[in-house]
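One is the number of the first residue; the rest follow in order along the sequence. This one's a predicted model, so the numbers in the text were calculated from it and none came from an experiment.
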Amino acid sequence: MSYPLVKRVPHRMLGDMLRMMLSEQVYYDLTLEEGRTLSRAFTAIAHDWRRNDVIYLSPIGCDGDFSAAVTQDGVDVETSGGPHHLSWDDVTELAERLAVE
């Protein structure tokens with residue numbers, strides 16, 4: 001399986017959600033609106049990474065927060081296992097997938 005990826009998953013209370021998977025162990029369950037919000041943030045930083053230092057989202061459907069440092073080379077997502085790097089190609093791909101799923 002190739003990462004990152006986005007797929008729809010059901011939630012018993014919240015309905016359809018998006019699972020943004022950065023690896024087999026690192027994923028975030030997002031409501032559809034949270035997915036669109038993160039898509040817009042990814043799109044904005046991909047076009048001008050110098051305007052933001054951090055992206056932060058506290059999704060209601062998962063236990064952990066999404067926090068990532070914006071760098072010249074992409075985005076470093078904070079995880080319990082240390083930073084998980086996303087290249088600008090990864091960021092752009094996630095922005096597209098989160099917007100259409």
Side-chain angles (χ1 to χ4, degrees):
M1 192 173 294
S2 177
Y3 296 99
L5 65 90
V6 175
K7 65 180 182 177
R8 281 193 185 246
V9 295
H11 187 280
R12 64 183 176 89
M13 299 295 286
L14 301 172
D16 279 347
M17 299 190 72
L18 300 176
R19 179 164 290 166
M20 179 179 69
M21 301 181 69
L22 306 184
S23 71
E24 191 172 316
Q25 298 83 20
V26 179
Y27 63 89
Y28 299 88
D29 287 343
L30 310 168
T31 64
L32 301 180
E33 188 59 37
E34 289 168 342
R36 287 189 288 271
T37 299
L38 197 52
S39 171
R40 289 189 294 270
F42 281 158
T43 300
I45 62 161
H47 283 96
D48 190 358
W49 63 269
R50 291 178 189 94
R51 291 187 171 251
N52 288 41
D53 296 332
V54 174
I55 298 174
Y56 179 82
L57 181 70
S58 181
I60 64 172
C62 64
D63 294 334
D65 295 344
F66 177 86
S67 183
V70 180
T71 69
Q72 182 176 357
D73 300 321
V75 172
D76 292 327
V77 180
E78 294 177 24
T79 72
S80 59
H84 182 93
H85 182 73
L86 296 173
S87 69
W88 287 120
D89 288 340
D90 293 337
V91 170
T92 301
E93 182 177 339
L94 283 170
E96 291 172 7
R97 289 182 179 185
L98 289 168
V100 295
E101 283 296 328

**OP:** Begin with the C-alpha distance, continue with both residues' side-chain angles, and end with the deciding distance and a verdict on side chain to side chain contact (heavy atoms under 4.5 Å, CB included) for Y3 and L22.
**Re:** CA-CA 6 Å; Y3 296 99; L22 306 184; over 6 Å; no
**OP:** Quick one: do Y28 and V77 satisfy side chain to side chain contact (heavy atoms under 4.5 Å, CB included)? Show the steps, please.
**Re:** CA-CA 11 Å; Y28 299 88; V77 180; 3.4 Å; yes
**OP:** Before giving the answer on side chain to side chain contact (heavy atoms under 4.5 Å, CB included), spell out for L98 and M20 the whole-Å C-alpha distance, their side-chain angles and the decisive distance to 0.1 Å.
**Re:** CA-CA 8 Å; L98 289 168; M20 179 179 69; 4.0 Å; yes
**OP:** Begin with the C-alpha distance, continue with both residues' side-chain angles, and end with the deciding distance and a verdict on side chain to side chain contact (heavy atoms under 4.5 Å, CB included) for M21 and V6.
**Re:** CA-CA 6 Å; M21 301 181 69; V6 175; over 6 Å; no
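At most 12 heavy atoms of other shown residues, nucleotides or ligands fall within 6.0 angstrom of atom CG in D53. D63 CG: 12 or fewer foreign heavy atoms inside a 6.0 Å radius.
Comment: R40 engages E33 in a salt bridge, judged by a side-chain N to carboxylate O separation of less than 4.0 angstrom.
Note that CD of E96 is 9.5 Å distant from CG of L94, once rounded to the nearest 0.5 Å. Here CG of L14 is found 10.0 Å from CG of L32. Values are rounded to the nearest 0.5 Å. Here the CG-NE2 distance, from L18 to H11, works out to 13.0 Å after rounding to the nearest 0.5 Å.
When atom types are taken as modelled, the side chain of E34 and the backbone of T31 share a donor-acceptor pair closer than 3.5 angstrom. Using modelled atom types, no side-chain atom of R50 and backbone atom of Q72 make a donor-acceptor pair closer than 3.5 Å. No donor-acceptor pair closer than 3.5 Å links the side chain of E78 to the backbone N or O of F66. At distances below 3.5 Å, not a single donor-acceptor pair connects side-chain atoms of W49 with backbone N or O atoms of V75.
Partner of V9 under the side chain to side chain contact (heavy atoms under 4.5 Å, CB included) criterion, out of L30, D16, D29: D29 alone.
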